[in-house]
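Taking it in order: structure first as structure tokens, then the write-up.
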Amino acid sequence: MKIISGTAHRELAERIAQSVGIQLTNVTVNTFPDGESFVKINENIRGKDVFLIQPPCPPTNHNIMELCVMVDAARRASAGRITAVVPFFGYARQDRKDQPRVPITAKLVANLLTAAGVDRVLTMDLHAAQIQGFFDIPVDHLYAAPVLIRHLREHYVKDLKKLVVVSPDVGGVKMARAYSDALGAELAIVAKHRVNATHVEAMNVIGDVEGRDAVLIDDMTETAGTLCAAANILKERGAQRVFACVSHGVLGDMARERISGSCIERVLTSDTVPMAYGPKVDCVSVGDLLGHAVQRIHDGESVSSLFDI
């Protein structure tokens, strides 16, 4: 087995390699002055089972292209099998035509990876699970829920009887239901209205949150507009404490400022992207989880037991 890291998130790649018990493969990955990506693999990988760690997080386009260049380098070096480990799948929100004359970019990215020579994909918490069907190659889809729920139980929520799991929008109900089932808690929904790309108005709450601790569940946040608007209306409806569990914390300065000034007590997120940090943010590593998945894929074993909470 060989594990190769791009420049997108080397810290996570090191955690995965440490979990597996091997060193990262020696590679040269840099950028020419004009922006072109260059990759050279400095070890023999002929016939090896190669895992490329590269989440297409911001700068998204550069990281996707760098991943494709890494795949091509591995393929031309006669790698036995190439698995793209993309914990955060860039462009996942562009998974359908919801307006005239718009692309389905998630499908385009899937086509790019397949054309580059990827044999298998390992990813986590896709924005829409059906994106797996965009690939004609095997896709292993993991969830950050076991890691985030464990952290929530150990550090913040002791009394599960007074807990309610909240979806910040109607589209996230399925994911929130999985959390509520795992925690044995009731489910509530915040009906929202998006004004523009950065501003959200929360409209109403479906379910009982008065006198309870509320946990907002979302697959990703960039500006934290949805989370903060939902947290405000939960407080207005009588929620005692408000937490958030977010699989991918693609946080910018606006998001950190909003979270810091919000009524959210703590945002729990995974380290699938390197920008998951800030005031009131707990970044919980999924390196061991991904490492176990890499080892099981290499050994030809099932990864389904990694879904257990």
Side-chain angles (χ1 to χ4, degrees), residues 1-27 29 37 39 41 43 45 48-58 60 62-75 77 79-92 106 109-110 112-114 116-127 131-132 134-135 137-144 146-147 219-220 247-248 250 270-274 276 284-304 306-307:
M1 185 199 304
K2 294 287 186 179
I3 297 180
I4 298 175
S5 173
T7 61
H9 199 353
R10 187 174 176 86
E11 288 182 4
L12 178 59
E14 288 173 348
R15 293 189 190 109
I16 293 171
Q18 184 179 11
S19 175
V20 174
I22 64 174
Q23 296 289 323
L24 287 176
T25 299
N26 182 9
V27 297
V29 184
S37 295
V39 173
I41 302 170
E43 296 180 21
I45 63 167
K48 304 294 186 182
D49 196 4
V50 175
F51 293 84
L52 304 175
I53 318 295
Q54 179 84 338
C57 52
T60 306
H62 172 79
N63 286 333
I64 288 176
M65 190 62 202
E66 184 177 284
L67 174 58
C68 290
V69 174
M70 290 165 61
V71 172
D72 192 66
R75 182 172 61 85
R81 180 176 64 174
I82 301 171
T83 301
V85 182
V86 284
F88 168 71
F89 191 84
Y91 286 106
V109 173
L112 285 172
L113 293 179
T114 305
V118 170
D119 298 303
R120 190 179 199 97
V121 172
L122 174 61
T123 188
M124 177 172 284
D125 278 317
L126 290 169
H127 184 68
I131 291 174
Q132 295 172 78
F134 291 176
F135 290 89
I137 56 177
V139 176
D140 290 297
H141 186 208
L142 300 181
Y143 300 93
V147 177
D219 67 304
M220 70 171 291
S247 301
H248 310 293
V250 194
S270 71
D271 61 344
T272 55
V273 292
V284 188
S285 181
V286 291
D288 284 344
L289 180 64
L290 290 167
H292 291 322
V294 165
Q295 186 67 61
R296 292 185 182 205
I297 291 169
H298 174 68
D299 294 338
E301 298 176 353
S302 170
V303 300
S304 58
L306 299 178
F307 302 157

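The structure displayed is predicted, hence computed values, not measured ones.
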Near Arg10 CZ, under 6.0 Å, is it more than 12 heavy atoms from other residues, nucleotides or ligands?
no
What pairs with Ser285 under side chain to side chain donor-acceptor pair (under 3.5 Å), at least two apart in sequence or on another chain?
Asp271
Atom CG of Asp49 and atom CG of Asp119: how far apart are they, to the nearest 0.5 Å?
9.0 Å
Checking side chain to side chain contact (heavy atoms under 4.5 Å, CB included) between Thr123 and each of Leu142, Leu290, Ile131, Val139, which is the one that passes?
Val139
Leu126 and His141 have their tightest heavy-atom pair at N-NE2, 2.8 Å
Do the side chains of Phe88 and His9 get nearer than 4.5 Å, heavy atoms only?
no
In this structure, CZ of Arg81 is separated from CE of Met1 (nearest 0.5 Å) by 9.0 Å
Write down the atom of Thr272, the atom of Ser247, and the distance for their closest heavy-atom approach.
OG1-O, 3.7 Å
Shortest non-hydrogen contact from Gly90 toward Val109
O-CG2, 4.4 Å
Rounded to the nearest 0.5 Å, how far does CD of Glu11 lie from OG of Ser5?
10.0 Å
Specify the closest pair of heavy atoms between Pro87 and Val85, including all atoms of both residues, with the distance to one decimal.
CD-O, 3.3 Å
Kindly check if the number of other-residue, nucleotide or ligand heavy atoms within 6.0 Å of CD (Glu43) is above 12?
yes
What's the shortest heavy-atom distance between Ala276 and Ser270, and which atoms?
CB-O, 3.4 Å
Any side-chain to backbone donor/acceptor pair from Asp219 onto Asp125? Under 3.5 Å, distance only.
no
Test log, rule side chain to side chain contact (heavy atoms under 4.5 Å, CB included), inputs Met220 and Val273
CA-CA 11 Å; Met220 70 171 291; Val273 292; over 6 Å; no
Are any non-hydrogen side-chain atoms of Leu289 and Met124 less than 4.5 angstrom apart?
yes
Gln18, CD atom: more than 12 neighbouring heavy atoms under 6.0 Å
no
Find the distance between CE (Met65) and CG (Leu67) and round it off to the nearest 0.5 Å.
10.0 Å
For Val29, which residues count as a side-chain contact (heavy atoms from CB on, under 4.5 Å) partner, sequence neighbours excluded?
Thr7, Val27, Val39, Glu66
Set of residues satisfying side chain to side chain donor-acceptor pair (under 3.5 Å) with respect to Asn26, sequence neighbours excluded:
Asn42
Given Leu122, which partner from the list Asp140, Ile53, Val303 fulfils the side chain to side chain contact (heavy atoms under 4.5 Å, CB included) test?
Asp140
Could you tell me whether the side chain of Phe89 reaches within less than 4.5 Å of the side chain of Val121, counting heavy atoms only?
no
To the nearest 0.5 Å, what is the distance between OH on Tyr91 and NE2 on His127?
15.0 Å
Residues Ile64 and Pro56: closest non-hydrogen pair is CG1-CB, 3.4 Å
Is it the case that the side chain of Gln54 and the backbone of Asn63 share a donor-acceptor pair, with hydrogens and angles ignored and the cut-off at 3.5 Å?
yes
I'd like to know if the side chain of Arg15 reaches the main chain of Val286, judged simply by a donor and an acceptor atom lying under 3.5 Å from each other, with no hydrogens or angles considered.
no
Could you grab the distance from atom CD1 of Ile16 to atom CG of Leu24, nearest 0.5 Å is fine?
9.0 Å
